[in-house]
Amino acid sequence: MYCNDSIIISGVHCGDIVSVFADTVGQCKKGYQKPYVQGCKIFLGNGIVRMERKHLYAKNLKPVGVAIEMTATVSGCPVIGPDCLSSNLALLQNLPSILCGHVLNPLQNEIILDMCAAPGNKTSHLAMLMGDQGVIIALDKTESKVKNIVKRCQQFSLHSVHTFVCDSTRSVKKISQPCDSEEQQKLVLQGPPFIQESFDRILLDAPCSALGQRPQLANRITVNQLKSYPLLQRKLFHSAVSLLKCGGTLIYSTCTVTHEENEGLVLWALKHFPNLDLVPAVPVLGGPGLKGSGLTEEQRQCVQKFGPPLVGSDCDIDTIGFFIACFRKKSTVDVT
Ligand SMILES: C[S@@+](CC[C@H](N)C(=O)[O-])C[C@H]1O[C@@H](n2cnc3c(N)ncnc32)[C@H](O)[C@@H]1O
């Protein structure tokens, strides 16, 4: 357990063996002194105390490190955190997120767009897959989050990534401007809005309801919030199709499990963009799309779906919930 989110009660000392709980209702405030008995909590496991209250809550302290070293967890997952890896050598990512980069398969010297890039985990992976040769434009609509992409790229000394604060639903220039590939590269480096068909490959790792994230002990998402995502995802997808070159690859991914944000988005895209083909997302590690989702059997096999292995599920890899679909643009046909 990392010290920035720990609550250690008075009278507990380094070396003590303690049980660790997660507060599921957000009432156990940082620094709480007494045992938290009334609120809702979930047992996470046992561990050894490595920091006491005086190491955590004294004035002007900015504690870092492990406060409780977990020795046995209910989840059975190994304890892996930032301290386990040298931060300039490796980045921890879940399996489907890593797969996203491989499915996009960016090649050296291509022009790549990462439309919703912060904090830059997938962006930095893409740059590494390209040997840092080429151009990656990384956009995010939140300025503070774009700073995190910059930090992430500095951490790995990556030079091919160019970041911009941008609402990607507004990233397409209205007027098209035919130009050669050298000119195209110069223009994208000037930042958004971009002329249509500027990018060889696009990653749309969309903002989503994130219901696939784990561990998830409590979720406070409202029905209205849940309903807002498909609309935003469609707007972003629309921009992505405009910005993609003919023959280019577009990856759409989410870390959620809802039909509307995953298979539903694919059905909508195939209906509204006759110039797009759904192609197999390879390499394959996940399971097919949901049965009964409206996708044909062939289309179900093209997409990849991840999540905890459920009884009767087609995928037995135990990961966060995730969805990947891969499209190829075959022509510049106007869209509806
Ligand atoms: C799923 S996260 C991206 C994670 C990132 N690809 C990574 O692997 O590190 C979605 C991101 O989309 C951003 N976002 C939401 N709406 C956006 C918009 N209209 N334009 C650009 N970015 C947006 C959010 O700020 C958030 O950082």
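Note that ligands are numbered from 1 as they come in the structure, with each ligand's atoms numbered from 1 the same way.
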Item to complete: May I ask you to decide whether Asp318 forms a salt bridge with Arg214, counting only side-chain N to carboxylate O separations under 4.0 Å?
Response: yes

Discussion item. Does Phe322 form a side chain to side chain contact (heavy atoms under 4.5 Å, CB included) with Leu95? I'd like the steps, not just the answer.
Written reply: CA-CA 10 Å; Phe322 207 91; Leu95 185 75; over 6 Å; no

Practice prompt. Please could you name the atoms of ligand 1 that Lys145 approaches to less than 4.0 Å, counting only its heavy atoms?
Written response: 24 (C), 25 (O), 26 (C), 27 (O)

Item to complete: Look only at interatomic distance and state if Ser168 has a nitrogen or oxygen under 3.5 Å from any nitrogen or oxygen of ligand 1.
Response: yes

Worksheet entry | Lys330 atom NZ: more than 12 heavy-atom contacts under 6.0 Å | yes

Worksheet item: Should one rank Thr142, Leu232, Asp205 by closest heavy-atom distance to atom 6 (N) of ligand 1, which comes out on top?
Response: Asp205

Item to complete: Run through Thr258, Asn219, Thr254, Thr256 and flag the one making a side-chain hydrogen bond (donor to acceptor under 3.5 Å, both in side chains) with Ser209.
Response: Thr256

Discussion item. To the closest 0.5 Å, what do you measure between OH (Tyr252) and CD (Gln233)?
Written reply: 3.5 Å

Discussion item. Between ligand 1 and Asp114, is the shortest N or O to N or O distance under 3.5 Å?
Written reply: no

Worksheet, complete the sentence: Quick note on ligand 1: atoms under 4.0 Å from a heavy atom of Cys166 include exactly 20 (N), 21 (C)

Worksheet item: Taking only heavy atoms of Ala117, which atoms of ligand 1 are found under 4.0 Å from at least one of them?
Response: 5 (C), 6 (N), 7 (C), 9 (O)

Response to the item:
The protein heavy atom nearest to atom 15 (C) of ligand 1 is Pro207 CG, 3.5 Å

Worksheet item: Is any side-chain heavy atom of His102 closer than 4.5 Å to a side-chain heavy atom of Leu129?
Response: yes

Worksheet item: Any side-chain heavy-atom pair from Val165 and Val146 closer than 4.5 angstrom?
Response: yes

Worksheet item: Any heavy atom of Met115 sitting closer than 4.0 Å to ligand 1?
Response: yes

Item to complete: Record the part of Cys255 in heavy-atom contact with ligand 1 below 4.0 Å; permitted values are side chain, backbone, both and neither.
Response: neither

Fill in: Closest protein heavy atom to atom 22 (N) of ligand 1, given as residue, atom name and distance to 0.1 Å
Lys141 N, 3.3 Å

Worksheet item: Do Thr169 and Asp167 meet the criterion of a side-chain donor-acceptor pair at a distance under 3.5 Å?
Response: yes

Discussion item. Is there a path of hydrophobic side-chain contacts, each under 4.5 Å between heavy atoms, that joins Leu265 and Leu290?
Written reply: no

Item to complete: Decide whether the shortest distance between a heavy atom of Ala206 and an atom of ligand 1 is less than 4.0 Å.
Response: yes

Worksheet item: Does Gly120 come within less than 4.0 angstrom of ligand 1, counting non-hydrogen atoms of the residue?
Response: yes

Discussion item. Looking at Arg300 and Glu297, is there a salt bridge between them, counting it only when a charged N and a carboxylate O are closer than 4.0 Å?
Written reply: yes

Item to complete: Starting from atom 12 (O) of ligand 1, locate the nearest protein heavy atom and write down its residue, its atom name and how far away it is, to 0.1 Å.
Response: Cys116 CB, 3.3 Å

Worksheet entry | Protein contact to atom 2 (S) of ligand 1 [nearest heavy atom, distance to 0.1 Å] | Ala118 O, 3.9 Å

Item to complete: Pull out every atom of ligand 1 sitting under 4.0 Å from any heavy atom of Asn121, numbered as shown with elements.
Response: 7 (C), 8 (O), 9 (O)

Discussion item. Ring centres under 6.0 Å, that's the criterion: do Phe327 and Phe273 meet it?
Written reply: no

Worksheet item: So which heavy atom in the protein is nearest atom 19 (N) of ligand 1, and how far is it from that ligand atom?
Response: Asp167 OD1, 2.9 Å

Worksheet, complete the sentence: heavy-atom search around atom 25 (O) of ligand 1 in the protein gives Asp140 OD1, 2.7 Å

